[in-house]
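Have a look at the structure below before the remarks.
Quick note: numbers below take in every heavy atom, side chains included, and nothing from hydrogens, waters or symmetry partners. Sequence lines set the chain letters: A, B, ... in the order given, protein chains first and strands last, and positions in each chain run from 1.
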Amino acid sequence: MPWRAGPGERADPYHVWLSEIMLQQTTVATVGPYFRKFLSLFPTVAALAAAPEERVMAAWAGLGYYARARNLHRCAQAVTARGGFPDTEEELRTLPGIGSYTARAVAAIAFDRPGVPVDGNVERVCSRLFAIEAPLPASRPRLAEAAARLGEDPAARAHPSDFAQALFDLGATICTPRRPACALCPWRSPCRARAAGTAEELPRKLPRAARPDRHGTAFLLLDDENRLLLRRRPPRGLLGGMSELPGTPWREAPWTAEEAQAFAPAATAPWQEAGDVRHVFTHFALTLRIRAARLPGGLPSAAGGAFLCPLDALENEALPTLMRRAVATGLAALGDA
DNA sequence: AACGCGGGGCT
DNA sequence: AGCCCAGCGTT
């Protein structure tokens, strides 16, 4: 993990903070390349603060939860304005995008302040160590209490940074969600769930609600200079501030071709069916039908918030993963893949 | 307290 | 193809 300090090294608060924001709801493997890209584009928190928001959003494109990127930028500006990162949990907690978990993680890892950051890994370890049978999310306060108790151990208080990171490593490599390696666990002897044979079943969770389906149609329109028609989404909400192909709203009922046609950016273009892209969001699953066309001559409606993006500049665009796939599907149908 | 918010990895 | 994973901000 490139954000980790080596033995005897001091962790860089910028690196710790950046990695912790990226790691919210996102796996280590996914974060790695983005972390390196951000350090190369924005070597310091001041450089990140000074960058235009679109550049930050474009660099974040594909990581998801785009409010994190906007808060990251605002937080960099607040930190730069006050001359550096605060070194206590309480002050960190007041910054944009920093909640109780991240405040404790940065305080502990970057500044060696006592306190246990409670993420999903730590909740899992604690639920097993103390055999907490109540299901999440109701058990969350009890799990936080258990984690805090661990942090009060004198050995933990002596090395808060090492303790926090060791706890993450334990959850990631030994006390895993499925098939935990209890035989290898340094805490196998005090672990109550291990004794009861219930480690693999914990933490229990309330069943979650079903994900509804939604449908939409998106239009890929290419002009004779290989420029693509895009538009910007509203700044807040789903995929807020990111770019997208123009298209219909997303609703529960599928769209007929005739209904969708009313939303086409050029009524007379030779539209062809390019196929469907399916994408699962947190709270619904989307089937997006792609229709593609090449329009010789100028585009009639690059107005209304829409703009043209040359195909070879697409990597600098703030295109979320869903829209990257939609573009790829449309281009393939046009024979431009 | 409940809800909105992406994407990738594993089986 | 389906299941699993999981912090912060807003309301």
Side-chain angles (χ1 to χ4, degrees), chain A residues 16-35 57 59-75 78 89 92-107 116-127 135-141 143-144 147 164 168 171-173 175-180 200-214 233-244 250 276-288 318-326 328:
Chain A
V16 173
W17 163 74
L18 179 61
S19 67
E20 288 299 341
I21 300 296
M22 288 182 168
L23 287 164
Q24 289 166 9
Q25 313 292 300
T26 309
T27 59
V28 169
T30 301
V31 163
Y34 282 90
F35 180 80
M57 299 307 287
W60 193 274
L63 256 190
Y65 290 117
Y66 296 96
R68 286 188 298 171
R70 247 185 314 283
N71 287 332
L72 181 87
H73 194 221
R74 287 205 296 136
C75 185
E89 178 190 336
L92 285 161
R93 182 69 182 78
T94 66
L95 292 167
I98 298 190
S100 69
Y101 164 76
T102 308
R104 270 186 216 153
V106 174
V116 178
V118 184
D119 69 347
N121 287 301
V122 175
E123 285 182 343
R124 184 171 61 252
V125 169
C126 287
S127 74
L136 284 167
S139 59
R140 198 145 277 151
L143 291 166
F168 296 156
T173 64
C175 198
T176 50
R178 281 170 294 203
R179 313 226 2 183
E200 190 150 11
E201 299 163 30
L202 298 183
R204 299 192 197 284
K205 296 176 184 197
L206 254 30
R208 48 189 171 123
R211 245 193 286 256
D213 279 314
R214 290 193 197 170
R233 292 179 61 86
R236 268 170 284 280
L238 186 74
L239 305 178
M242 305 298 284
S243 17
E244 66 174 358
W250 301 341
D276 290 349
V277 171
R278 189 165 166 83
H279 190 81
V280 180
F281 292 94
T282 309
H283 56 293
F284 67 93
L286 176 70
T287 302
L288 192 61
L319 270 191
T321 297
L322 158 69
M323 288 299 162
R324 289 217 182 268
R325 293 211 281 256

Which value, in whole Å, describes the distance between the [atom1] atoms of nucleotides [N] and [M]?
N: B:dC5; M: C:dC5; atom1: P; answer: 23 Å
N: B:dG6; M: C:dT11; atom1: P; answer: 16 Å
N: C:dA6; M: B:dG4; atom1: C1'; answer: 14 Å

Would you mind telling me which residue lines up with the more 5' stretch of DNA chain B, A:Phe284 or A:Thr30, judged by nearest nucleotide? A:Phe284
Starting at the 5' end of DNA chain B and moving along, which residue's nearest nucleotide shows up first, A:Ala29 or A:His283? A:His283
Looking at residues at least two apart in the chain, or sitting in another chain, which of them share a salt bridge (charged side-chain N to carboxylate O under 4.0 Å, His left out) with [X]?
X: A:Glu200; answer: none
X: A:Glu20; answer: none
X: A:Glu89; answer: A:Arg104

Over all strands shown, is [X] touching base, sugar-phosphate only, or nothing at heavy-atom distances under 4.0 angstrom?
X: A:Ile21; answer: nothing
X: A:Pro320; answer: sugar-phosphate
X: A:Gly62; answer: sugar-phosphate

Tell me, please, which residues at least two apart from A:His73 pass ring pair (Phe, Tyr, Trp, His ring centres under 6.0 Å). none
Spell out protein contact along nucleotides 3-11 of chain C as letters: B when the base is contacted, S when just the sugar-phosphate is, - when no protein heavy atom is under 4.0 Å; keep the 5' to 3' order. -BSBBSS--
For A:Thr321, what residues pass the side-chain hydrogen bond (donor to acceptor under 3.5 Å, both in side chains) criterion, not counting sequence neighbours? none
Please check this pair: side chain of A:Arg70 against backbone of A:Pro235, looking for a donor-acceptor N/O pair closer than 3.5 Å. yes
Report yes or no: does A:Ser127 contribute a side-chain atom to a donor-acceptor pair with the main-chain N or O of A:Arg124 at less than 3.5 Å? yes
Contacted region of DNA chain B by chain A, from 5' end to 3' end of the hits, cut-off under 4.0 Å to heavy atoms, spans B:dG4 to B:dG8
Show every side-chain hydrogen bond (donor to acceptor under 3.5 Å, both in side chains) that has at least one partner inside residues 205-214 of chain A, sequence neighbours left out. A:Asp213-A:Arg278
Could I get the full list of side-chain contact (heavy atoms from CB on, under 4.5 Å) partners for A:Pro212, not counting sequence neighbours? A:Glu252, A:Phe284
